[in-house]
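Structure first, then comments.
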There are 2 protein chains.
Amino acid sequence: MEAVPVWLRERRTGVGRPAERSRAEVTAAAIALADREGLAAVSMRRVAAELGTGAASLYRYVDSRDDLLDLMSDEVAAGYELPAPEGPWLPGLLEVCRQGRELMLRHGWLPELVLTRSALGPHGTDLLEHTLAVLAGHPADVGRKLETFAVMNTLTAAFALNELNGDSGACRRQGAYLAHAITAGRHPHLAAALTSAPLVPAPRFEDTVSRVLVGLLGQ
Amino acid sequence: MEAVPVWLRERRTGVGRPAERSRAEVTAAAIALADREGLAAVSMRRVAAELGTGAASLYRYVDSRDDLLDLMSDEVAAGYELPAPEGPWLPGLLEVCRQGRELMLRHGWLPELVLTRSALGPHGTDLLEHTLAVLAGHPADVGRKLETFAVMNTLTAAFALNELNGDSGACRRQGAYLAHAITAGRHPHLAAALTSAPLVPAPRFEDTVSRVLVGLLGQ
DNA sequence: CTTGTTCGGGAACGCTGTTCGCGAACAACG
DNA sequence: CGTTGTTCGCGAACAGCGTTCCCGAACAAG
């Protein structure tokens with residue numbers, strides 16, 4: 001029934017044996033491990049080994065592995081550089097998306113976390129605040145602005161995920177089946193599409209996001 | 001190095017001991033289990049127990065748990081009812097999204113699979129073919145149409161996921177932290193937004209998707 | 001020095017995906 | 001009918017997982 005998110009459970013008083021590590025240290029170790037070997041490698045035991053300690057010790061800093069994943073997401077979100085918003089809103093939002101994509105490409109495990117869990121930590125909250133600030137002069141109602149924030153994150157993560165998976169095996173598999181589906185003959189439009197164009201066209205990230213944002217917010 | 005996807009690995013010849021079950025039966029059992037207890041409950045042992053057999057037996061029908069998840073996704077995609085496309089493209093695509101959302105709400109484990117893995121099985125391929133058929137008369141190039149297909153699926157899944165998580169604990173946690181962030185005072189726009197509007201406004205699915213599609217494809 | 005409190009972490013529990021290998025079941029062939 | 005080839009069912013085992021228990025150690029305060 002602990003409805004309190006990770007970020008609010010803070011360090012106890014200065015009494016008792018002092019902790020040898022900090023929550024930030026644990027988070028950093030988990031991020032380093034994920035960057036090196038992927039999200040699946042982030043187990044409590046592996047993270048603990050990274051720190052030269054035992055798995056059970058981590059539970060002094062984190063309530064569960066899921067909490068640790070939330071901390072990782074939010075910590076990366078600290079990498080946004082958010083200047084004071086000025087000028088028209090579209091370039092402002094595009095800059096946010098551009099930075100988001102870069103962070104996600106640098107941390108290939110991030111898109112999965114962003115897409116499947118929606119926890120907003122301190123830095124995520126700052127990002128939302130910045131987005132609302134960019135849209136401060138826009139006439140859309142609050143609901144649509146929040147919706148825009150969610151769509152931006154989702155689309156950026158999905159885009160980054162595609163880019164990351166694009167070169168590896170996942171796309172080959174799909175390609176293999178699509179090729180089979182084409183030769184079967186019952187998918188004329190698909191056949192026409194895939195023979196008339198490169199299989200994986202260079203995705204135009206900013207153009208696509210821009211169109212979506214204009215669709216949502218007008219102008 | 002098996003680049004062949006699940007759907008192409010077919011039943012062997014009629015030689016040897018006949019199988020007691022079928023791949024479809026295994027898939028159906030996994031779906032039933034996921035519907036009842038969620039995706040986390042879909043372990044090889046649990047699915048096997050559902051069928052009254054041993055866990056190792058499943059590997060006669062499926063190469064891995066991931067394969068089974070792909071089969072589950074595609075099997076649900078068989079639930080689309082795709083009439084021959086006619087009329088303008090926007091209502092045609094909206095109907096696809098509407099059906100997708102309904103399927104995902106009926107199978108709460110689907111959004112996660114759609115968002116994180118992009119495998120296209122036979123029924124997914126049919127859906128793509130249908131989408132391209134609806135857009136047959138549209139002047140956009142092939143790349144943008146494929147992109148539109150991906151965005152439709154992603155957005156629908158993300159929307160459904162939010163609806164499914166909306167009432168449960170996940171949103172409470174977020175709300176708890178956001179409330180804290182507001183009282184801290186450093187997020188004026190956020191504070192204004194969350195006090196001037198209901199915390200979780202009724203999401204207007206079709207309106208949002210419609211705006212995004214028009215943004216991507218024009219008109 | 002004692003007391004209160006916290007931290008570190010080995011050990012254990014129940015679970016997971018997957019592999020191995022053996023016995024059983026069947027089709028085809030002689 | 002018997003033999004052979006092949007597939008299937010699946011118990012047992014392996015390595016790994018998240019998490020909890022619990023006890024000894026380490027410190028602050030009195």
Side-chain angles (χ1 to χ4, degrees), chain A residues 1-2 6 9-27 29-30 33-34 36-72 109 112-113 116-117 119 169, chain B residues 1-2 6 9-27 29-30 33-34 36-72 109 112-113 116-117 119 169:
Chain A
M1 297 305 98
E2 274 286 337
V6 213
R9 268 169 276 139
E10 255 323 305
R11 195 90 282 115
R12 319 276 187 275
T13 70
V15 70
R17 176 178 174 176
E20 295 182 7
R21 273 161 284 269
S22 68
R23 189 178 291 173
E25 231 169 320
V26 174
T27 306
L33 185 58
R36 243 187 306 120
E37 308 189 35
L39 197 56
V42 179
S43 70
M44 300 305 271
R45 274 170 246 255
R46 295 286 314 267
V47 172
E50 196 89 352
L51 292 164
T53 180
S57 306
L58 298 187
Y59 289 88
R60 299 285 176 190
Y61 304 93
V62 147
D63 272 8
S64 68
R65 179 175 182 268
D66 278 2
D67 274 2
L68 181 54
L69 297 183
D70 286 343
L71 288 171
M72 291 168 67
W109 42 271
E112 183 178 332
L113 290 188
T116 54
R117 97 185 34 219
Chain B
M1 300 300 99
E2 276 286 338
V6 213
R9 267 169 276 141
E10 255 322 306
R11 196 88 284 115
R12 319 275 187 274
T13 69
V15 69
R17 176 178 174 176
E20 295 182 7
R21 273 160 284 268
S22 69
R23 189 177 291 175
E25 229 169 320
V26 173
T27 306
L33 185 58
R36 244 188 304 120
E37 308 188 35
L39 197 57
V42 179
S43 71
M44 301 304 271
R45 274 169 247 256
R46 295 285 316 264
V47 172
E50 196 91 348
L51 292 164
T53 180
S57 306
L58 298 186
Y59 289 88
R60 298 286 178 189
Y61 303 94
V62 146
D63 272 9
S64 68
R65 179 175 183 267
D66 278 1
D67 274 1
L68 182 53
L69 297 183
D70 286 342
L71 288 171
M72 292 169 66
W109 42 271
E112 183 177 332
L113 291 188
T116 54
R117 99 185 32 219

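To find a chain, count down the sequence lines: A is the first, B the second, and so on, and within it residues start at 1. As the structure is a prediction and not an experimental result, all values here were calculated from the model. In what follows, every heavy atom counts, from backbone to side chain, and hydrogens, waters and symmetry copies are set aside.
- Remark: A:Ser57 is in phosphate contact with C:dG9, judged by side-chain N or O atoms under 4.0 Å from OP1 or OP2.
- If you take CD on A:Glu50 and CG on A:Leu33, they are separated by 5.0 Å, rounding to the nearest 0.5 Å.
- The two residues A:Glu25 and A:Leu51 come nearest to each other via the heavy atoms O-CD2, 4.1 Å.
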*asked:* Pair A:Asp66, A:Arg117 - check side-chain contact (heavy atoms from CB on, under 4.5 Å), show working.
replied: CA-CA 10 Å; A:Asp66 278 2; A:Arg117 97 185 34 219; 3.7 Å; yes

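- Across all non-hydrogen atoms, the minimal contact from B:Thr27 to B:Leu68 is CA-CD1, 4.2 Å.
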Show the distances under 3.5 angstrom between N or O atoms of the protein and N or O atoms of nucleotides 12-17 of chain C.
| residue | atom | partner | partner atom | Å |
| --- | --- | --- | --- | --- |
| C:dT16 | OP1 | B:Ser43 | OG | 2.8 |
| C:dG17 | OP1 | B:Arg65 | NE | 3.0 |
| C:dG17 | OP2 | B:Met44 | N | 2.9 |
| C:dG17 | N7 | B:Arg45 | NH2 | 2.5 |
| C:dG17 | O6 | B:Arg45 | NH2 | 2.6 |

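- D:dC8 atom P lies 14 Å from atom CD of B:Glu25, rounded to whole Å.
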*asked:* For a quick check, with a 4.0 angstrom heavy-atom cut-off, what is the B/S/- contact string for nucleotides 21-30 of chain C, read 5' to 3'?
replied: B-BBBBS---

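- Between A:Ala48 and A:Leu58, the closest heavy-atom pair is N-CD1, 3.8 Å.
- A side-chain donor-acceptor contact under 3.5 Å links B:Tyr61 to the backbone of B:Arg21.
- Separating the CZ atom of B:Arg23 from the C1' atom of D:dC8 is a distance of 15 Å, rounded to the nearest angstrom.
- Distance check, rounded to the nearest 0.5 Å: CG of A:Leu69 to CD of A:Glu112 gives 9.0 Å.
- Nucleotide D:dC17 holds its C1' atom 13 Å from the CG atom of A:Asp66, rounded to whole Å.
- Side-chain atoms of B:Arg65 come within 3.5 Å of backbone atoms of B:Val42 as a donor-acceptor pair (strictly under, hydrogens ignored).
- Atom-to-atom, CG of A:Asp67 to C1' of D:dT19 comes out at 13 Å; the value is rounded to the nearest Å.
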